[in-house]
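Notes to accompany the following structure.
No hydrogens, no waters, no symmetry mates; every other heavy atom, side chains included, goes into these values. This structure is a prediction, so every number in the text was calculated from the model and none was measured.
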Amino acid sequence: MSGSYTFNYQTRFTSRTSRYFSLYANAAYTFDKKYSLSASIRTDASNLITDDAKYRYSPFWSIGGKWNVTGETFMRQYGWIDNLVMRLTYGYNGNVDTSTSVLPLISIGSNPDIYTNEYQATIQSYGNPSLRWEKVRSINWGLDFSLFNNKLFGKIDLYHKKGKDLLAVVSTPSLHGTTQQKINNAEMTNKGVELTLGTNQQFGDFHWTGKATFAYNTNKITKLFRENYYVSDLCYGGTGAYVEGMDANTIWAYIYGGIENAGSEESPDWQPVIKDNTDGTSYTFGGSTPRGDGTKIMVAQGTTVAPYTASLGSSLAYKDFEVSVMMTGKFGHKFRHHSFNYPVVKGKTLPNARYSEVVSCNPMDMVPLPLNDSEMMYYNWSAFYPYLNYLTDNAMTIRMQELYLAYRLPTDVVERMGIAGLKLYLQGNNLFNIVDNKYGEDPENPLGSYKLQPQYTNGLTITL
């Protein structure tokens, strides 16, 4: 790893106390086997929620109704409908976040200061005396159905969730000792649809079972006060990169502007630059990190969490043979490629697969190796090159999750063997995936991580 390390003796002390209290009740009633009403209520308390006991308790509740439509008299004429049920639920639930506290928190350094030999501490959290439960209001409408003697079945769910009092980093007056603090002052909505469709079919000795699912989800931060965003907040993501009106998982990037001469004609100084998203102002890699609102300097390139997901499962049995498959897919999201490891000023850097590409690249399209014989500010490049817009790509992934093959010995054969059953099977997982990006990378296992490997299992099951 290009260096030597000294492991100092360290003394560590850890003490944690988490106390939760819950009181809950559930009730349900069904009338005439057609109309059902259910309700639940609970109150929760935690020692992590404010030091004032009267604010620790927060009641959460839900109410739901179900209508068995097939139980109605008018449905008797539709004999091909086996089951039809409608559902509707409404309620609130809560969450406690342990990343902050009602009291100020400090973080102790792992090594003592080389001059004083004392351990140093930094402020991790300034404390949030108004810390309270995060609340989520949920509305869900659902429909369950089964048709043609269960040959076709499925369900549909539509939901809308609104989170209130969510913990997020917000701007605060500097007289409090900091310009940012994590408090309960954000709101976010999630809404989407989930669809499941299945079938059971019998054709002589063939029996086929299939099930497909599809889901769509979108979220938006609807309330969050931030006076300003540093570009570093947006680069690193997390709650610090939440922006009102945007998806919570938005990926932000610098706009690469090629190379520009930061010197003169007589003494050129060719520098890679980024462009301001609003006015086109250039910032050289050798300069300081851009100041101002990061949302105006950087560009939003989509969400890192797939808004569309799907799965397909199918099982086919013929006499004593069985084969089944399971495939999944994620669509509509983005990921950031691993950049070329531009060599560091001090020590060693292991090059990666991007080296030949960078050496032969057009410097107006991709950051080249330093073009000057002496690059005085080269150490500052690492603040820019991993977060450039040309590194963002389509994260679509279709994965073969499982392939299963099995053979059961005929009954007369196993009876002569003196056993009740014997099955041979072969199973493969993570056999392959299909992606759609520039380098053919697996977005869930990017360059530098362990590639997801196929797994094979074969076995023998004996029933006595």
Side-chain angles (χ1 to χ4, degrees), residues 18 20 42-62 90-107 122-139 159-192 217-252 292-298 300 303-305:
S18 297
Y20 294 91
R42 64 181 298 155
T43 181
D44 295 86
S46 168
N47 64 318
L48 302 174
I49 299 292
T50 187
D51 54 357
D52 190 335
K54 67 181 180 181
Y55 293 116
R56 289 181 177 174
Y57 293 85
S58 183
F60 301 110
W61 56 270
S62 67
Y90 178 88
Y92 284 85
N93 55 34
N95 177 61
V96 57
D97 190 321
T98 59
S99 63
T100 186
S101 168
V102 297
L103 300 175
L105 299 177
I106 62 173
S107 177
T122 57
I123 298 177
Q124 177 181 327
S125 172
Y126 288 88
N128 179 9
S130 63
L131 183 65
R132 55 192 181 273
W133 291 89
E134 296 180 312
K135 299 186 178 82
V136 179
R137 185 200 67 192
S138 300
I139 304 173
Y159 62 88
H160 186 283
K161 298 181 179 181
K162 182 175 183 179
K164 300 176 61 178
D165 294 336
L166 303 181
L167 278 169
V169 178
V170 302
S171 298
T172 59
S174 58
L175 60 89
H176 294 298
T178 178
T179 58
Q180 294 182 349
Q181 174 64 343
K182 197 172 186 180
I183 61 176
N184 301 83
N185 197 37
E187 296 181 4
M188 180 171 63
T189 60
N190 271 276
K191 56 185 177 180
N217 173 269
T218 180
N219 73 71
K220 179 187 288 188
I221 298 170
T222 55
K223 178 185 176 183
L224 177 63
F225 174 70
R226 287 288 296 275
E227 185 177 8
N228 189 34
Y229 287 86
Y230 299 112
V231 290
S232 57
D233 293 333
L234 302 179
C235 286
Y236 303 143
T239 60
Y242 285 1
V243 179
E244 184 172 301
M246 303 291 291
D247 188 293
N249 304 291
T250 298
I251 183 171
W252 294 86
D293 191 346
T295 61
K296 303 296 190 296
I297 297 171
M298 306 183 77
T303 176
T304 59
V305 176

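Applying the 6.0 Å contact sphere to NZ of Lys191 captures no more than 12 heavy atoms from other residues, nucleotides or ligands. Residue-environment remark: OH (Tyr236) stays at or below the threshold of 12 foreign heavy atoms within 6.0 Å.
For the residue pair Glu134 and Leu167, the shortest heavy atom distance occurs at OE2-N, 2.7 Å. Minimum interatomic distance between Ala300 and Thr250 (heavy atoms only, all atoms of both residues): CB-CG2, 3.6 Å. Between Leu234 and Thr295, the closest heavy-atom pair is CD1-N, 3.6 Å.
In this structure, Ile251 CD1 and Cys235 SG are separated by 10.5 Å, a value rounded to the nearest 0.5 Å. Here CG of Leu131 is found 10.5 Å from CG of Asp165. Values are rounded to the nearest 0.5 Å. Rounding to the nearest 0.5 Å gives a distance of 10.0 Å between OG of Ser138 and NE2 of His160. Tyr229 contributes atom OH, which lies 8.0 Å from atom CG of Asp293 (distance to the nearest 0.5 angstrom). Going from atom NZ of Lys220 over to atom CE of Met246 covers 10.0 Å, rounded to the nearest 0.5 Å. Taking CD1 of Ile221 as the reference point, atom CD of Glu187 lies at 11.5 Å (rounded to 0.5 Å).
At a threshold of 4.5 Å between non-hydrogen side-chain atoms, the residues Lys182 and Tyr126 do not count as touching. Within the 4.5 Å cutoff, no side-chain heavy atoms of Thr304 are placed close to those of Asp247. Residues Lys135 and Phe60 form a side-chain contact, since some pair of their non-hydrogen atoms from C-beta on lies under 4.5 Å apart. You'll find the side chain of Lys223 reaches within 4.5 Å of the side chain of Asn185, heavy atoms only.
Here the options are Leu166, Leu224, Val170, the test is side-chain contact (heavy atoms from CB on, under 4.5 Å), and the partner is Tyr242; only Leu224 passes.
In this structure, Tyr92 and Trp61 have tilted ring planes: the angle between them lies in the 30° to 60° band.
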*Show your working on salt bridge (Lys or Arg N to Asp or Glu O under 4.0 Å) between Glu244 and Arg226 and close with a plain yes or no.*
CA-CA 8 Å; Glu244 184 172 301; Arg226 287 288 296 275; over 6 Å; no
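In this structure, a donor-acceptor pair under 3.5 Å is present between the side chains of Asn217 and Tyr159.
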